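Here the structure comes first, spelled out in structure tokens, and everything after it is commentary.
Keep in mind that this is a model prediction, so the values were computed, not measured.
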Amino acid sequence: MPLLKSEPVAPVRDLDELFAIAHLMEAEAAERYADLGARMRAQDSLRLAEVFERLADEERRHGESVTALSLRHTGNAPRHALMRWHPPETVDMAGIDLTDPRLLTAYRALSVAVRNEERAFAFWSYVAAQATSTAVQQAAERMAHSELEHVALLRQERRRAFHLERQGQAPGVAAEADVLEQRFADACERAAGKAIGQVAAELREMALAARRTADELAGAGLPMPAGGVPIPAELHTALLPMAGILVDRYLEAAEIATDEQTVAYAQAFAQAAIIRLAWLGDNLPNGPEAGVLYPR
């Protein structure tokens, strides 16, 4: 799974356009993190709310730095209207906006932030390589270097979060990904029996796909991290939480993989798991009737 879903569609024309793109990227990232922070606070997940709010504040400060650079080098504040194309998506929440808050951790949140900064670095590297003027090339290289600094700082925070969470980890139910896929398939089939129409058909197909994935994983021996996020036992039969658990497991497997082939393998499973999590979030009911399809 490449860092960027697509490369920039054309070279950045001048510094005005470059700073407009940079400012928009920081503003969109700040908005996404702020929305997640508000969601966590509304659900009384105050520790996670603070993580996302801090990330949003960081992105706002990055945006202010871009404005200062634009004023220094062009005499103007960034103007989004000068952009001829929208930059490719560099902010990907990797399903955490659909995940049960009981399964989210500071480590997971920071892992998503690290990945987003790595995408931004890849974007600016492309811009620098495509640049047709020295000024744009040098400015894009500075942007890329800045994103690498952000990556390094976030990785340090993530390591601290990892060790803190392992120290205070509560008992949970551990399972390999193939076992979890089988349990997810069982949950899909139960939900399909209570659903109707196209949703029921999609859930049955999802169950079949999960069983095929389980069979593949059982033979592949994808290395999984020891322990992992504690999983409350009741969530092992809940459809939407199970989908989120599997996203976490595949992303964690990619994190600990020691060769590029295994990283790509784990990331491919993560991508498929994120897509189905998004489908479930869009198609399962969100009101009182939600318990028919999955327990809250």
Under 3.5 Å, which donor-acceptor pairs do the side chains of residues 129-136 form with other protein atoms, sequence neighbours left out?
unit_1	atom_1	unit_2	atom_2	d
Ser133	OG	Val136	N	3.2

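- Using a 4.5 Å heavy-atom threshold, the side chains of Trp85 and Val12 count as touching.
- Within 6.0 Å of CG on Leu46 lie more than 12 heavy atoms contributed by other residues, nucleotides or ligands.
- With values rounded to the nearest 0.5 angstrom, Leu217 atom CG is found 13.0 Å from Arg212 atom CZ.
- When all heavy atoms are compared, the tightest approach of Leu55 to Ala109 is CD1-O, 4.4 Å.
- Contact annotation: the side chain of Met25 approaches that of Trp124 to within less than 4.5 Å [non-hydrogen atoms, C-beta and beyond].
- Panel note: side chain Ser65, backbone Arg61; a donor-acceptor pair is recorded below 3.5 Å.
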Can you give each donor-acceptor pair under 3.5 Å made by side-chain atoms of residues 27-38, sequence neighbours left out, with the distance rounded to 0.1 Å?
unit_1	atom_1	unit_2	atom_2	d
Glu28	OE2	His86	NE2	2.9
Tyr33	OH	Asn116	ND2	3.0

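- Using a 30° and 60° split on the angle between ring planes, His62 and His150 fall in the parallel class, below 30°.
- Looking at Glu53 and Arg41, a side-chain N of the basic residue comes within less than 4.0 Å of a carboxylate O on the acidic one, giving a salt bridge.
- The pair Glu205-Arg211 does not count as a salt bridge, with every side-chain nitrogen at least 4.0 angstrom from each carboxylate oxygen.
- When all heavy atoms of Arg276 and Ala210 are compared, the closest pair comes out as NH1-CB, 4.1 Å.
- Within the model, atoms CG of Leu18 and CZ of Arg142 stand 9.0 Å from one another, a figure rounded to the nearest 0.5 Å.
- Ser70 places no side-chain N or O within 3.5 Å of a backbone atom of Phe19 that could act as its donor or acceptor partner.
- Nearest heavy atom pair, residue Ala214 against residue Glu181, reads CB-CB, 3.8 Å.
- Atom CD of residue Glu141 and atom OG of residue Ser146 lie 13.5 Å apart, to the nearest 0.5 angstrom.
- Leu110 contributes atom CG, which lies 5.5 Å from atom CD of Glu157 (distance to the nearest 0.5 angstrom).
- Using a 4.5 Å cut-off between side-chain heavy atoms of Ile, Leu, Val, Met, Phe, Trp and Tyr, with links allowed through other members, Met242 and Ile275 fall into different hydrophobic clusters.
- Between Pro78 and Ala20, the closest heavy-atom pair is CB-CA, 4.1 Å.
- Cluster membership for Met143 and Leu82, using ILVMFWY side-chain heavy atoms within less than 4.5 angstrom, is not shared.
- A donor-acceptor pair under 3.5 Å links the side-chain atoms of Glu17 to the main chain of Arg13, judged by distance alone.
- In this structure, a donor-acceptor pair under 3.5 Å is present between the side chains of Glu149 and His145.
- At a threshold of 4.5 Å between non-hydrogen side-chain atoms, the residues Leu280 and Leu239 count as touching.
- In this structure, CG in Asp16 is found 5.0 Å from CG in Asp14, a value given to the nearest 0.5 Å.
- Distance check, rounded to the nearest 0.5 Å: CD of Glu147 to CG of Leu154 gives 10.0 Å.
- Minimum interatomic distance between Val151 and Glu117 (heavy atoms only, all atoms of both residues): CG2-CB, 3.5 Å.
- Ion pair Asp57/Arg60 flagged as a salt bridge, since at least one NZ, NE, NH1 or NH2 atom sits closer than 4.0 Å to an Asp/Glu carboxylate oxygen.
- Salt bridge status for Arg183 with Asp178: absent, with no side-chain N to carboxylate O gap under 4.0 Å.
- Tracing side-chain contacts under 4.5 Å through hydrophobic residues (I, L, V, M, F, W, Y), one never reaches Val112 starting from Val263; they form parts of separate clusters.
- Judged by distance alone, the side chain of Ser125 and the main-chain N or O of Phe121 form a donor-acceptor pair under 3.5 Å.
- Contact annotation: the side chain of Ile21 approaches that of Phe123 to within less than 4.5 Å [non-hydrogen atoms, C-beta and beyond].
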Candidate pair Arg204 and Val199, rule side-chain contact (heavy atoms from CB on, under 4.5 Å), full reasoning: CA-CA 9 Å; Arg204 290 190 180 94; Val199 170; over 6 Å; no
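- By the 4.5 Å heavy-atom criterion applied to side chains, Trp279 and Leu203 are counted as neighbours.
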